[in-house]
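Okay, structure first, notes after.
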Amino acid sequence: MNFLNLWLPTELTYNRTYIRMKRTILLASIAIAMTACTQKNPFLQEWNTPYGVPPFDQIQLSDYIPAVKAGIEQQKEELAAILANPDTPTFENTVAAYELSGEILAKVSGVLFNLQETEGNDEMEAIVEEATTLLTEHEDNISMDQTFYERVKAVYDAPQSGLTREQQMVLKKLYESFTRSGIALDEAGQARMKEINQKVAALQQKFGSNLLAENNAFKEKFGVPVSAYPTEMTTCEDRDRREQMFKAYSSRGNNGNEYDNKALCLEILKLRAEKARLLGYDSFAAYQLDNKMAHDPQTVDSFLDRIMGPSAARAKEEIVDMQAVMDEDIAAGKVAAGSKIQPWDWFYYAEKVRGIKYNLDENLTKPYFTIDNVRKGVFGAAKRIYGIDIVPDETIPVYNEAVCAYRVLDGDGSLLGIFMSDYFPRDTKRGGAWMTNFVEQYVDADGVEVRPVIVNVGNFTAATDTLPALLTIDEVETAFHEFGHALHGLLTKCTYPSVSGTSVARDFVETFSQFNENWAFQKEILADYAVNYKTGEVIPDDLVAKINEAHKFNQGFTTSELCAASILDMKWHELTAEDLEAMSQGDQAANVAAFEEKVCKEMGLPEEIIPRYRTTYFNHIFNSGYSAGYYSYLWAEVLDKDAFDYFKQQGIYDKGLADKFRRTFLEKGGSEEPMVLYMMFRGAEPDPSALLRARGLVEE
């Protein structure tokens, strides 16, 4: 969770009996204090469900806020006990004790903020808004508690030779959470920081609600969900419809209606810039990057510039190829004379060029990629590489009938965790694809390891009345990508959730999801899962060759739009509070548009391409954890491609190397610095050109 390390346990037996006793007494007192109705609140009970999965069928909307409030009171009392301890502060009686706190909040947060993304409605949004306000205030109260900080600082300043490396990283993370939250500010500064955090949390929530409404309006107007936009733009022959769809898609949150996000974006940016200044940083980008692998905006800007140059150059070559095909359509009377490739033409004509160059038609590949086949491929690759088994289990509670649940077992039959898949669009689900946890992996107060409960969510092409769910090549890749995140969460072997699984630096976390993509179209993996649903035929070698040959096709466009979004994110967050205040005056729509246009021109983005996400629907940076961090996908791809190069050198199915990858990365989570782990695995720093080579933007 992003709020606090609410459910962090300790591996030590120190004081466990006392802590368990206090928790039992506290839970009992909370339950007695609740009304008869809320005494049955499932978040205040033990979960006697298979494998500790949330009892979704018992949870009512009315349960969330009482549970949040009860959880806050519980953690307040637990923290008060830590601060009242007269003994010299140690890792055990301060950091470890804090990590054991917040059991109720762990439960309710793990469910509420996940289901908001998949089961959203107006009532749920109102609940999340109230919960966010309560939790943000609670977080601020803890992160600015001077007495607590002094105890943590005393542990941090003491010799750490007696601590494990994981404990050192947990301590470092907790200490930095204080310094980065404004603990050193005076009373007025702290009050303003709390106010900023409250406002930003509310604005971000509103941004997400507006975008969901805009996405639903797009679907209502065009009959397809936003997630199907690339597919529709690829197959739609009606150029006028493509233009209408492009303009509607690219203006979401920028229509001057009740769901317009321009003012929200500027206000969020202003508040973030002010927060950074209060903490002594020149910009919010500088603040965000200070504890990441990249460390500073200059490094990221230089990194992105080196990618944009060859990407834009290749995109211009792709435009020439597409224009030649459009000219044939002009000659045939299918397109008006004098027409030139526009942004709404790219998907359509790129697919035509791909068909000509590689003789690859996705209508030929889709029959091999039913959702059941792809899921089998994702699971089969994980078994082949890591030796794990994924077994369906209908006894596991799920939150929607469309969700499938599985037990994930290690080679010795032991439970690694619970995995759920939720792959198809719903009106209640936001767009995109992601992985998240309902339950984190950790070691509890009794020394018992709690294994994680993880879900992959997607918006893949759904079945129709006449066809099963047939996935595009991109969707197949996305399924492998998100399961790479799931593997990171499932295979982790840490003691503290603050560093387990995907709890790593933002510009490191995508390494493992993107690494898993490399297996999707390996010939041997495809032979196990890509079977034509009509004929039973295994995908033929010539079609596999075409898929892999075409994999580097259109990478000028793909990389340019991704890099452009990353640069746009950085440039917004490199602005000062004064810059943003000036931009908020007058015509905000014109100012936002002018800034985007200026940034795109300066980066050299071809006019036929827009950033993958424009400002008013850039959910990653305005309602997620990727602010001044969207570059992470490209940054991590350098690591992922360099690591896979190593596999190719050793043999891509080398068991010893796969075991090393699992032990070094997937099991350790954030218990060591990212570059230290990478050097442990690779024996060298990553090669920056690995990304450009893999995308075909420079010669091998």
Side-chain angles (χ1 to χ4, degrees), residues 1-10 15-47 54-55 58-85 93-113 116 126-149 151-152 174 177-178 181 190-191 194 197-198 201-202 438-440 442 444-445 497-498:
M1 298 303 298
N2 294 326
F3 291 104
L4 294 167
N5 298 327
L6 296 173
W7 53 88
L8 304 183
T10 176
N15 218 18
R16 277 186 180 148
T17 302
Y18 170 75
I19 291 170
R20 287 198 305 274
M21 185 184 302
K22 288 288 289 182
R23 176 174 291 143
T24 301
I25 294 170
L26 180 59
L27 283 171
S29 65
I30 289 172
I32 291 170
M34 304 297 283
T35 65
C37 176
T38 57
Q39 281 180 349
K40 296 180 180 179
N41 191 318
F43 295 114
L44 306 182
Q45 316 296 323
E46 292 294 327
W47 287 350
Q58 300 175 27
I59 297 171
Q60 305 294 321
L61 290 175
S62 58
D63 293 327
Y64 288 113
I65 296 303
V68 168
K69 291 178 177 178
I72 288 172
E73 291 307 310
Q74 178 195 49
Q75 193 168 44
K76 281 181 179 179
E77 292 199 22
E78 290 167 333
L79 182 57
I82 294 171
L83 301 185
N85 190 328
N93 67 20
T94 300
V95 181
Y98 175 63
E99 300 238 327
L100 278 168
S101 69
E103 181 180 2
I104 296 174
L105 284 183
K107 287 182 173 182
V108 66
S109 298
V111 175
L112 174 59
F113 295 102
Q116 175 207 10
I127 290 168
V128 169
E129 183 174 350
E130 182 177 356
T132 299
T133 300
L134 293 169
L135 288 166
T136 302
E137 181 181 8
H138 179 55
E139 176 183 7
D140 285 340
N141 289 338
I142 292 177
S143 64
M144 293 183 185
D145 187 310
Q146 191 67 34
T147 304
F148 188 27
Y149 168 66
R151 287 189 68 93
V152 173
L174 180 58
S177 73
F178 282 103
S181 296
Q190 289 191 9
K194 290 180 179 180
N197 290 340
Q198 289 278 0
F438 282 109
V439 177
E440 300 283 341
Y442 63 93
D444 71 12
S498 59

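The chain is numbered in sequence order, starting from 1.
Note: F178 and Y149 have tilted aromatic rings, judged against thresholds of 30 and 60 degrees for the angle between ring planes.
Within the model, atoms CZ of F43 and CD of E103 stand 13.0 Å from one another, a figure rounded to the nearest 0.5 Å. With rounding to the nearest 0.5 Å, the separation of CD1 in I65 from CD in E130 is 4.0 Å. Atom CZ of F148 is separated from atom CG of N141 by 13.0 Å, given to the nearest 0.5 angstrom. Distance check: I127 CD1 to D63 CG gives 9.5 Å after rounding to the nearest 0.5 Å. Between the CG atom in N93 and the CD1 atom in I82 there is a gap of 8.5 Å [rounded to 0.5 Å]. Interatomic distance, NZ of K194 versus CE of M144, reported as 6.5 Å (0.5 Å rounding).
Surrounding NZ of K69 are at most 12 heavy atoms belonging to other residues, nucleotides or ligands under 6.0 Å away.
Contact between G71 and L105 at its shortest, heavy atoms only, is C-CG, 3.6 Å. The two atoms that bring W47 and P42 nearest to each other are NE1-O, 2.9 Å, heavy atoms only. Residues L100 and A445 approach most closely at CD2-CB, 3.8 Å, considering heavy atoms. When every heavy atom of S143 is checked against every heavy atom of S177, the shortest pair comes out as CB-O, 4.5 Å. Taking both residues in full, the closest heavy atoms of F438 and G110 are given as CD2-O, 3.3 Å, listed atom of the first, atom of the second, then distance.
K107 contributes no side-chain N or O that, together with a main-chain N or O of P54, makes up a donor-acceptor pair within less than 3.5 Å. Proximity of a side-chain donor or acceptor of Q198 to a complementary backbone N or O of T133 within less than 3.5 Å is detected. Q74 contributes a side-chain N or O that, together with a main-chain N or O of I104, makes up a donor-acceptor pair within less than 3.5 Å.
For the pair Y64 and V128, the minimum side-chain heavy-atom distance is 4.5 Å or more. Under the 4.5 Å side-chain criterion, counting only non-hydrogen atoms from C-beta, Q75 is in contact with I142.
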task: Start with the C-alpha distance between H138 and K76, add both sets of side-chain angles, then the distance that settles side chain to side chain contact (heavy atoms under 4.5 Å, CB included), and finish with yes or no.
output: CA-CA 9 Å; H138 179 55; K76 281 181 179 179; 4.2 Å; yes

- request: Before giving the answer on side chain to side chain contact (heavy atoms under 4.5 Å, CB included), spell out for R151 and N85 the whole-Å C-alpha distance, their side-chain angles and the decisive distance to 0.1 Å.
  value: CA-CA 10 Å; R151 287 189 68 93; N85 190 328; 4.2 Å; yes

message: For S109 and L135: C-alpha separation, side-chain torsions, deciding distance, then whether side chain to side chain contact (heavy atoms under 4.5 Å, CB included) applies.
response: CA-CA 10 Å; S109 298; L135 288 166; 4.1 Å; yes

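Residues meeting the side-chain hydrogen bond (donor to acceptor under 3.5 Å, both in side chains) test with D145, sequence neighbours left out: none.
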